[in-house]
Colleague: 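To start, I am sharing the structure in question, which I have written as structure tokens.
Proteins get letters first, then strands, A, B, ... in listed order; numbering begins at 1 in each.
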Amino acid sequence: MVQRPGVVDAQGRADAVKLSNMLDAAVERLFEEEADKIWRTLFSPRDVVGLKVNCLAGRGLSTRIELTQAVVDRLTKAGVPHEQIIIWDRRDRDLQRAGYTLNSGKGVQCCGNDRAGFTEQVYEFGAAASQLSLTLMRCTAVINLPILKDHGIVGMSGALKNFFGAVNNPNKYHMNCGDPFVADVNCLPPIRRKVRLTICDALTAQYEGGPPFMPEYTWRLESLLVAIDMAALDRIAWQMIDEKRRQVGLPTLEKAGRKPTYILTAGDSAHRLGETDPIKIDWIRI
Amino acid sequence: MKISRRQFLFTAAASLGAAGISAAAGKNDADKLHEARYYKKLPQRKIECELCPRRCVIDDMERGYCGVRENHGGVYYSLVYGQVCSANIDPIEKKPLFHFLPGAKAFSIATVGCNVMCKFCQNWEISQANVDQVKAMELLPAQTAAIAKDRRCEVIAYTYTEPVVFTEYMYDCALEGRKLGVRSVMISNGYINAQPMKDLCNVLDAVKIDLKAFNERFYRELVAGELKPVLDTLVLLKKQRMWTEIVYLVIPGQNDDLGELREMCTWIKNDLGPETPVHFSRFHPQYRLTNIPATPLEVLRKARRIGLECGLYYVYTGNVPGDEGESTYCPNCGAVVIKRFGFSVLSRALKNGRCAACGRAIAGVWS
């Protein structure tokens with residue numbers, strides 16, 4: 001986790017240069033290697049790289065364009081052609097509302113699942129049975145770019161939950177606080193196999209009222225959470241939301257009746273998506 | 001039962017042309033929104049859907065379990081009002097409704113969506129799809145009724161997917177149909193709350209309910225639903241005097257326990273009445289249950305025998321063309337009153353709703 005006070009100005013705009021520096025600092029600390037080399041190691045010029053952003057809440061609480069651009073710049077420097085970089089989310093409309101420009105011509109691609117379509121095949125794992133985004137299927141690698149926010153039904157939305165935007169039927173998976181559905185969706189082979197890095201946009205986070213943007217419940221965390229273990233990232237993010245809720249006098253997510261147990265399920269022996277024991281998670285703060 | 005996109009366009013376009021109606025095209029998403037009925041507003045722009053027993057609490061910009069009803073800033077909208085993804089003219093026997101206008105043509109329509117997730121769904125490509133995945137043609141209620149009338153369909157059937165999720169559209173179509181003398185039937189899983197079902201009873205003429213099992217485990221594990229609300233719906237339909245038939249898809253090893261079938265038939269006889277038709281239908285491997293073989297014919301025949309032994313008057317075998325269990329027999333004299341083959345009616349021995357041989361009244365809607 002890298003935190004830089006001042007990366008967001010009084011109007012809520014992100015400083016692109018500071019943000020890029022934060023990204024480099026985070027990946028260098030995570031991999032203990034020089035940033036350019038890391039990106040070249042993780043991604044080859046032959047890769048088709050999907051950037052799974054989260055734009056449901058529109059401007060104010062979506063993956064910031066400045067962060068997505070910083071990732072695109074680093075992929076470009078690693079030799080990935082622009083046409084092989086795809087910014088993607090559920091719907092064209094969501095992307096546009098968050099400020100992204102749709103593109104299926106030359107340059108970096110940007111489209112929603114509603115335009116790209118879904119597989120004919122139904123992929124299954126546990127309780128999940130879904131058709132998958134054709135954008136996901138086209139990609140050889142995925143960078144997960146979620147945001148950090150409260151979720152009124154499943155507790156919180158971070159790294160794992162972001163892949164509800166890769167399936168055709170996320171509406172079927174909100175029962176029982178999303179447990180085990182979120183974990184099951186992340187075990188669908190094309191998702192599990194392709195996600196190489198998660199960069200959570202926590203410049204502005206929301207501790208209540210999500211998933212829509214409710215500015216009265218946001219706080220300036222001015223942080224990026226970077227991980228290769230999505231379950232560990234979410235476990236830490238859950239703690240951060242609970243801590244903020246305690247600070248403002250709200251009950252924890254558990255006491256509010258929406259404990260995100262799907263995160264714990266993601267770490268169980270049936271899913272093995274990552275480490276969810278806070279004691280065992282190597283949480284590095286810079 | 002499902003038709004392909006190409007078949008649909010052909011059918012719908014031909015129907016529209018024949019009715020002299022041109023479908024609206026090129027509408028954007030906002031134009032397709034139609035405020036839903038049966039929901040209440042909650043704080044923080046959330047809503048609670050009151051249409052089905054699931055009672056989804058839905059955040060702003062999210063959809064309910066059915067996938068076709070969406071919260072926009074605390075107002076709940078149907079995304080499929082008038083958005084027909086499948087349309088065809090079927091014999092009423094295909095629904096199946098055997099005691100409702102035999103031989104009638106049913107203008108059969110569906111939108112995307114369902115409020116359960118049966119692992120054996122035969123129409124999963126449209127019932128389980130995202131609204132964005134399936135092309136639809138706009139048919140407003142008056143157009144739907146006009147097409148049915150023009151094509152000499154006595155009935156509009158809301159079918160293929162789960163009509164509960166497009167209840168507003170179904171209700172309005174049924175109203176328009178009544179103006180033209182076209183009746184309406186709902187082909188449903190019965191997973192609906194009492195108030196919307198009561199409201200629908202004011203405009204529908206018959207209902208077919210898929211009773212998928214007679215235990216909660218099956219509903220939980222294979223349907224992602226609950227049995228109790230479905231039984232409640234059946235009882236409500238009985239109280240409302242709605243003509244109702246039950247279909248039970250017999251899936252080997254899953255819901256074919258003979259003791260349980262006996263228990264179910266006894267419940268139907270006692271709580272709904274012996275004149276309630278029950279169809280035991282043959283399962284074919286589908287969707288997520290492709291590892292289970294088709295139902296042996298003997299099992300269906302046993303189920304039918306159990307129904308008759310329990311005192312039900314009209315028990316059928318389904319999806320087995322040519323079987324003797326397809327025909328309707330007089331519960332008094334045993335004479336064949338309607339002889340069927342598949343979806344075809346071969347002969348009738350009914351006079352004013354009575355057995356032509358002995359005069360016994362045969363329950364149903366015959367004219």
Colleague: Looking at every non-hydrogen atom in both residues, tell me the closest pair between A:Ala128 and B:Arg288 and how far apart they are.
Modeller: O-NH2, 4.3 Å
Colleague: Tell me the closest heavy-atom pair linking B:Ala129 and A:Asn168, and the distance in Å.
Modeller: CA-ND2, 4.2 Å
Colleague: Would B:Asp60 and A:Met214 count as a side-chain contact (heavy atoms from CB on, under 4.5 Å) here? Give the steps.
Modeller: CA-CA 11 Å; B:Asp60 189 13; A:Met214 293 200 180; 5.9 Å; no
Colleague: Checking heavy atoms, do the side chain of A:Ala57, its backbone, both or neither come under 4.5 Å from chain B?
Modeller: neither
Colleague: How long is the gap from CG on A:Asn113 to CG on B:Asn130, to the nearest 0.5 Å?
Modeller: 8.5 Å
Colleague: Under 4.5 Å from any heavy atom of chain A, what part of B:Cys66 do you find: side chain, backbone, both or neither?
Modeller: backbone
Colleague: Can you measure from NE2 (A:His174) to OH (B:Tyr65) and round to the nearest 0.5 angstrom?
Modeller: 12.0 Å
Colleague: Should B:Gln128 and A:Gln131 be marked as a side-chain hydrogen bond (donor to acceptor under 3.5 Å, both in side chains) after you check the CA-CA gap, both sets of side-chain angles, and the distance that decides it?
Modeller: CA-CA 10 Å; B:Gln128 300 302 316; A:Gln131 293 167 290; over 6 Å; no
Colleague: Do B:Asp132 and A:Arg115 have side chains that approach each other closer than 4.5 Å (heavy atoms only, starting at C-beta)?
Modeller: no
Colleague: Would you say the side chain of A:Val122 lies within less than 4.5 Å of the side chain of B:Trp124, judging by non-hydrogen atoms?
Modeller: yes
Colleague: Taking everything shown except A:Glu120 itself, do over 12 heavy atoms lie less than 6.0 Å from its CD?
Modeller: no
Colleague: Quick one: does B:Met61's side chain get under 4.5 Å of A:Pro211's, heavy atoms only?
Modeller: no
Colleague: Tell me, for B:Glu221 versus chain A, whether the close heavy atoms (under 4.5 Å) come from the side chain, the backbone, both or neither.
Modeller: neither
Colleague: At a heavy-atom separation under 4.5 Å, does B:Lys46 approach chain A through its side chain, its backbone, both, or neither?
Modeller: side chain
Colleague: Give the minimum heavy-atom separation between B:Asp59 and A:Ile153, together with the two atoms involved.
Modeller: OD2-CG1, 3.5 Å
Colleague: Tell me, for A:Tyr217 versus chain B, whether the close heavy atoms (under 4.5 Å) come from the side chain, the backbone, both or neither.
Modeller: side chain
Colleague: Is chain A contacted by the side chain of B:Val116, its backbone, both, or neither, given a heavy-atom distance below 4.5 Å?
Modeller: backbone
Colleague: Give the member of A:Glu208, A:His151, A:Lys172, A:Met175 that has the highest number of heavy-atom pairs under 4.5 Å with chain B.
Modeller: A:Lys172
Colleague: Specify the closest pair of heavy atoms between B:Gly64 and A:Asn171, including all atoms of both residues, with the distance to one decimal.
Modeller: O-CB, 3.0 Å
Colleague: Please classify the contact of B:Gln44 with chain A as side chain, backbone, both or neither, using a heavy-atom distance under 4.5 Å.
Modeller: both
Colleague: Is the closest side-chain heavy-atom distance between B:Met117 and A:Asn169 below 4.5 Å?
Modeller: yes
